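These notes concern the structure reproduced below.
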Amino acid sequence: MTTVTTSVDPTNRAQAEAWDGTEGGYWATHAERFDAALAHHQPAFHAAAGIRPDDRVLDVGCGTGLTTRAAARAAPAGEALGVDFSSRMIDLARTLAAAEGVPNARFARADAQVHPFPTAGLDAVISRTGAMFFGRPDVAFANLARALRPGGRLTLLTWQPAERNEWIGAFARDLAGQAPPSPPPGTPGPFSLSDPDHVRDLLAGAGFVDVAIDGRTAPMIYGRDAAEAQEFVLGLLGWMLAGRTPGERERAVAALRATLEAHEGPDGVGLASATWVVTARRR
């Protein structure tokens, strides 16, 4: 794999600014909490990727690198490159890989939609809840297909539709006072790859075959107790309170606290979530 540059496609500029700004900073500061939230989905995602000992792996939207380090450990004779827009998350990913003794995990800030990865230079591409934010997913997946060797594997973890994910519905109702809005088709966002037919068409058009989509459900864990979960959720989704009066904000926070307390359990505060594990290979 070659050194990665920081060229950003114009359609991804807003995402790059957000993730390399306060949003990515929040994720870096709360890396353990974000990884814990997805912990119930990680084993199935990693197993589906089927990383082999000598694989060359690209992890798209790697965040603070947990998935990249897992791939690198599974490929001791290969390597894993994690790319993300967030400089702070990339810096932390490097620190964690060094601390955990995973020398074949590398990280760089890059736009996977347009970066000129070596043609057919990869055995596997993975992305855990990162591929939904491409400005031009058709261009992005075609670029990833070009970077994979023939028969190379793609594995994604994406969200099922919002109505199947208790967490987003509950938080939107509590904080914004309404159901989560449905973004226009083609708009980057958490649920942009939630329609299996759309995903199949998109990947087929990009040069992938044998597309399989497996639905999974598991709780998302937002904190060890309601107090910790409230602080975490407000830091993540506090923007939903924008435009509300002080009284409405107070009632919204109280509603959120009640929701979180109602979902406390032995493993922490868990709300139902539904994902797709998407697998395909390059034609």
Side-chain angles (χ1 to χ4, degrees), residues 18-46 61-70 84 86 88-93 95-97 99-100 128-130 132-133 157 159-160 162 164-180 189-191 216-244 246-275:
W19 288 108
D20 205 33
T22 56
E23 191 161 356
Y26 188 79
W27 280 62
T29 301
H30 298 85
E32 290 185 9
R33 176 48 46 210
F34 278 106
D35 285 335
L38 283 166
H40 288 297
H41 290 287
Q42 173 63 19
F45 169 70
H46 181 73
C62 67
T64 55
L66 182 146
T67 47
T68 316
R69 297 193 300 277
D84 201 282
S86 173
R88 282 193 58 187
M89 286 199 281
I90 289 296
D91 287 345
L92 179 57
T95 298
L96 291 172
E100 295 175 15
R128 187 187 73 174
T129 66
M132 301 93 74
F133 298 96
L157 185 75
W159 298 112
Q160 292 187 35
R164 300 182 191 172
N165 280 277
E166 178 187 29
W167 57 274
I168 187 62
F171 297 157
R173 285 190 297 271
D174 289 345
L175 298 178
Q178 60 186 14
F191 303 102
R216 305 192 63 85
T217 58
M220 287 275 286
I221 306 299
Y222 286 90
R224 289 166 291 190
D225 55 33
E228 183 178 75
Q230 177 180 307
E231 180 180 3
F232 178 61
V233 172
L234 286 176
L236 180 65
L237 299 175
W239 56 267
M240 289 186 174
L241 295 168
R244 309 203 77 184
E248 289 173 337
R249 286 172 176 254
E250 184 177 347
R251 289 189 292 274
V253 172
L256 173 66
R257 181 58 174 259
T259 293
L260 297 172
E261 289 176 347
H263 287 82
E264 283 184 320
D267 295 330
V269 179
L271 282 82
S273 67
T275 58

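Note that the structure is predicted; figures quoted are calculated from it, not measured.
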Task: Any residue meeting side-chain contact (heavy atoms from CB on, under 4.5 Å) with Leu96, in chain and number order, not counting sequence neighbours - done: Arg69, Leu92, Glu100

Open item on the list: So which atom in Ala226 and which in Arg257 form the shortest heavy-atom distance, rounded to 0.1 Å?
Closed with: CB-NE, 3.7 Å

TODO: Mind listing the closest non-hydrogen atom pair of Gln42 and Ala70 along with its distance?
DONE: NE2-CB, 4.2 Å

- [ ] First locate atom OG1 of Thr275, then atom CZ of Arg216, and finally report the distance between them rounded to the nearest 0.5 Å.
- [x] 7.0 Å

Open item on the list: Just to verify, what does Asp91 make a salt bridge (charged side-chain N to carboxylate O under 4.0 Å, His left out) with, not counting sequence neighbours?
Closed with: Arg94

TODO: Could you tell me which residues satisfy ring-ring contact (aromatic ring centres under 6.0 Å, His included) with His263, sequence neighbours excluded, listed by chain and number?
DONE: none

TODO: Considering non-hydrogen atoms only, spot the tightest contact between Met240 and Ile168 and give its length.
DONE: CE-CD1, 4.0 Å

Open item on the list: Taking atom CD as the centre, does Glu261 end up with more than 12 heavy-atom neighbours from other residues, nucleotides or ligands that are less than 6.0 angstrom away?
Closed with: yes

Task: Candidate list Leu260, Asn165, Leu234, test side-chain contact (heavy atoms from CB on, under 4.5 Å), partner Phe171, passing option - done: Leu260

Task: Distance-only side-chain donor-acceptor flag, Ser273 / His40, under 3.5 Å - done: no

Task: Any residue meeting side-chain contact (heavy atoms from CB on, under 4.5 Å) with Glu250, in chain and number order, not counting sequence neighbours - done: none

- [ ] Quick one: sort the Trp27 and Trp19 rings into parallel, tilted or perpendicular, breaks at 30° and 60°.
- [x] perpendicular

Open item on the list: Within this structure, what is the CG-CZ distance for the pair Leu66 and Phe34, rounded to the nearest 0.5 Å?
Closed with: 13.5 Å

- [ ] Using the test ring-ring contact (aromatic ring centres under 6.0 Å, His included), find all partners of Phe45 that sit at least two apart in sequence or belong to another chain.
- [x] none

Open item on the list: Please give me the minimum heavy-atom distance between Arg244 and Ala252, naming the atom from each residue.
Closed with: NH1-CB, 3.6 Å

Open item on the list: I'd like to check the salt bridge (charged side-chain N to carboxylate O under 4.0 Å, His left out) partners of Glu228; sequence neighbours left out, ordered by chain and number.
Closed with: Arg33, Arg224

Task: Thr129 vs His41 side-chain heavy atoms within contact, under 4.5 Å - done: no

- [ ] Tell me, please, which residues at least two apart from Glu264 pass salt bridge (charged side-chain N to carboxylate O under 4.0 Å, His left out).
- [x] none

Task: Distance, nearest 0.5 Å, that separates CG of Leu175 from CD of Glu248 - done: 12.5 Å

TODO: Would you name the heavy atoms of Gly243 and Arg249 that are closest together and state the gap between them?
DONE: N-NH2, 4.3 Å

Open item on the list: Applying side-chain hydrogen bond (donor to acceptor under 3.5 Å, both in side chains), can you list everything that pairs with Thr217, at least two apart in sequence or on another chain?
Closed with: none

- [ ] Please step through side chain to side chain contact (heavy atoms under 4.5 Å, CB included) for the pair Thr29 and Arg88, ending with a clear verdict.
- [x] CA-CA 9 Å; Thr29 301; Arg88 282 193 58 187; 3.1 Å; yes

Task: Residues in ring-ring contact (aromatic ring centres under 6.0 Å, His included) contact with Trp167, at least two apart in sequence or another chain - done: Trp159

Open item on the list: For the CG atom of Leu256 and the CG atom of Leu237, what is their distance to the nearest 0.5 Å?
Closed with: 9.0 Å

Task: Over all atoms of both residues, closest heavy-atom pair of Ala179 and Ala172 - done: C-CB, 4.2 Å

Open item on the list: Going by the rule side-chain hydrogen bond (donor to acceptor under 3.5 Å, both in side chains), which residues pair with Thr67 if we only count those two or more places apart in sequence or in a different chain?
Closed with: Asp59

Open item on the list: Return the OG1 to CG distance between Thr64 and Asp35, rounded to the nearest 0.5 Å.
Closed with: 4.5 Å

Task: Under 3.5 Å donor-acceptor, Asp84 side chain and Gly63 backbone - done: yes

Task: Residue list, salt bridge (charged side-chain N to carboxylate O under 4.0 Å, His left out) with Arg251, at least two apart or on another chain - done: none

Task: Pairing residues for Arg164 by the side-chain contact (heavy atoms from CB on, under 4.5 Å) criterion, not counting sequence neighbours - done: Gln160, Pro161, Ala274, Trp276

